[in-house]
Amino acid sequence: MRTITQTEIRIIGCLIEKEITTPEHYPLTLNSLTTACNQKSNRDPVTSMSESDVLDALNTLINDRIVTDETRGNSRVAKYQHRFCNTEFGSLKLSKQEIAILCVLFLRGPQTPGELRTRTQRLCEFENVAQVEAVLNKLAADENAPKVVKLSKEPGKREARYGHLFCGDISDTVTIEQSQNTHTNSSEENKRIEQLETEVSQLRTELDELKQLVNDVLS
């Protein structure tokens with residue numbers, strides 16, 4: 001499987017999540033999928049994708065046969081479902097626990113085994129953290145295509161985090177996210193500067209008008 005973009009992995013994660021938690025509303029419409037991608041809960045980072053952003057990524061995933069358009073009959077609303085794993089022709093076969101762990105990693109980024117046990121409760125059951133670690137170790141053990149990697153323990157943390165590798169090496173992913181955050185912060189700063197410049201210009205105009213009014217009164 002090719003390296004997947006952050007937008008695409010968010011889409012795949014949402015489709016997996018909704019298939020398990022709300023099967024009555026699955027497959028998802030473009031609107032429902034966009035809403036799921038931009039949820040403020042159970043997402044990190046929180047995004048603000050447009051339907052156009054989601055549709056562009058969906059078209060790529062459809063071309064790669066990772067997602068299918070399940071619109072049927074006379075329906076005018078397109079609906080989408082994932083074919084990420086456990087399909088007839090796909091090579092990626094995962095257990096329910098493996099799917100749950102990857103889904104949460106797709107939606108929330110690197111996490112500790114303890115966090116994963118808590119956050120996968122809606123998707124599957126783990127008896128204890130040791131069971132989570134066993135599944136993580138299995139996902140990391142494939143020498144040809146490891147699916148997760150154990151990260152260095154952060155200062156002051158008791159547990160090391162694990163991250164998925166479907167978007168490439170974790171360091172590459174972090175670099176991309178940092179670059180995106182820098183771009184976002186720069187854009188927001190530019191907007192604030194433009195707003196301040198507009199307000200200063202308006203104040204100068206009002207001041208000139210007041211000066212003219214005072215001059216007219218005095219004269």
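Start at 1 with the first residue, then count along the sequence. What you see below is based on every heavy atom in this structure, not just the backbone, and it leaves out hydrogens, waters and symmetry mates. Bear in mind the structure is a predicted one, so any value in this text is a computation, not a measurement.
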- Message: I'd like to know whether CD of E127 has more than 12 heavy-atom contacts from other residues, nucleotides or ligands below 6.0 angstrom.
- Response: no
- Side chains of T71 and D69, donor plus acceptor under 3.5 Å: yes
- Can L123 and I16 be said to form a side-chain contact (heavy atoms from CB on, under 4.5 Å), step by step? CA-CA 9 Å; L123 308 175; I16 293 172; over 6 Å; no
- Task: Can you measure from CG (L55) to OG1 (T60) and round to the nearest 0.5 angstrom?
- Result: 9.5 Å
- Does some side-chain heavy atom of V132 sit less than 4.5 Å from a side-chain heavy atom of I101? yes
- Message: Working note: E17 + R43, criterion salt bridge (charged side-chain N to carboxylate O under 4.0 Å, His left out); need CA distance, chi angles, decisive distance, verdict.
- Response: CA-CA 12 Å; E17 178 192 55; R43 303 289 184 267; 2.7 Å; yes
- Query: What distance do L58 atom CG and T68 atom OG1 have between them, rounded to the nearest 0.5 Å?
  - Reply: 10.5 Å
- Taking all non-hydrogen atoms of both residues, which atom of T120 and which atom of A100 are closest, and how far apart? CG2-O, 3.7 Å
- Query: Within a strict 4.5 Å, meaning less than it, do heavy atoms of the E24 and T22 side chains meet?
  - Reply: yes
- Item | Nearest heavy-atom neighbours spanning A57 and T7 | CB-CG2, 3.7 Å
- Message: According to salt bridge (Lys or Arg N to Asp or Glu O under 4.0 Å), does anything in residues 96-108 pair up with another residue at least two apart or in another chain? List the pairs.
- Response: E98-K138
- Query: Does the pair Y162 and L139 meet the rule for a side-chain contact (heavy atoms from CB on, under 4.5 Å), with working shown?
  - Reply: CA-CA 11 Å; Y162 288 77; L139 288 168; over 6 Å; no
- Task: Please round to the nearest 0.5 Å and tell me the distance separating atom CD of E125 and atom CZ of R117.
- Result: 10.0 Å
- Task: Report yes if some heavy atom in the side chain of Y26 is under 4.5 Å from a heavy atom in the side chain of T21; otherwise report no.
- Result: no
- Query: Less than 4.5 Å apart, any side-chain heavy atom of L105 and any of Q111?
  - Reply: yes
- Message: Within the structure provided, determine whether K79 and T29 are in side-chain contact (heavy-atom separation under 4.5 Å).
- Response: yes
- Message: Please determine whether a side-chain nitrogen of the Lys or Arg among R161 and E115 lies less than 4.0 Å from a carboxylate oxygen of the Asp or Glu.
- Response: no
- Query: So which pairs with a foot in residues 80-91 pass side chain to side chain donor-acceptor pair (under 3.5 Å), sequence neighbours left out?
  - Reply: E19-H82
- Please determine, by modelled atom types, if D53 and S50 share a side-chain donor-acceptor pair under 3.5 angstrom. yes
- Message: Give me the atom names and distance for the closest heavy-atom approach of C103 to G13.
- Response: SG-O, 3.4 Å
- Message: Which heavy atom of I11 sits nearest to which heavy atom of C37, and what is that distance?
- Response: CG1-SG, 3.9 Å
- State the CD1-CZ distance between I20 and R122, to the nearest 0.5 angstrom. 9.5 Å
- Message: In the structure I gave you, are the side-chain heavy atoms of F84 and I99 within less than 4.5 Å of one another anywhere?
- Response: no
- Message: With clusters defined by side-chain heavy atoms of hydrophobic residues (ILVMFWY) lying less than 4.5 Å apart, directly or transitively, does I9 cluster with I62?
- Response: yes
- Item | Nearest-0.5 Å distance that lies between atom CG in L61 and atom CD1 in I4 | 7.0 Å
- Item | Greater than 12 external heavy atoms within 6.0 Å of Q131's CD | yes
- Item | Test item: T47 and R10 side chains (from C-beta on) under 4.5 Å apart, heavy atoms | yes
- Would you indicate whether the side-chain heavy atoms of E159 and V129 approach each other to under 4.5 Å? yes
- Query: Is the number of heavy atoms from other residues, nucleotides or ligands within 6.0 Å of NZ (K93) greater than 12?
  - Reply: yes
- Task: For side-chain contact (heavy atoms from CB on, under 4.5 Å), just list the numbers for L136 and L116, CA-CA rounded to whole Å, side-chain angles, deciding distance to a tenth of an Å, and then say yes or no.
- Result: CA-CA 10 Å; L136 285 166; L116 286 167; 3.9 Å; yes
- Message: For the CD1 atom of I66 and the CZ atom of F166, what is their distance to the nearest 0.5 Å?
- Response: 9.5 Å
- Between L107 and R119, is a side-chain contact (heavy atoms from CB on, under 4.5 Å) present by the stated rule, with each step listed? CA-CA 11 Å; L107 296 176; R119 293 166 179 171; over 6 Å; no
- Minimum heavy-atom distance A140-P146, with the two atoms named: O-CB, 3.6 Å
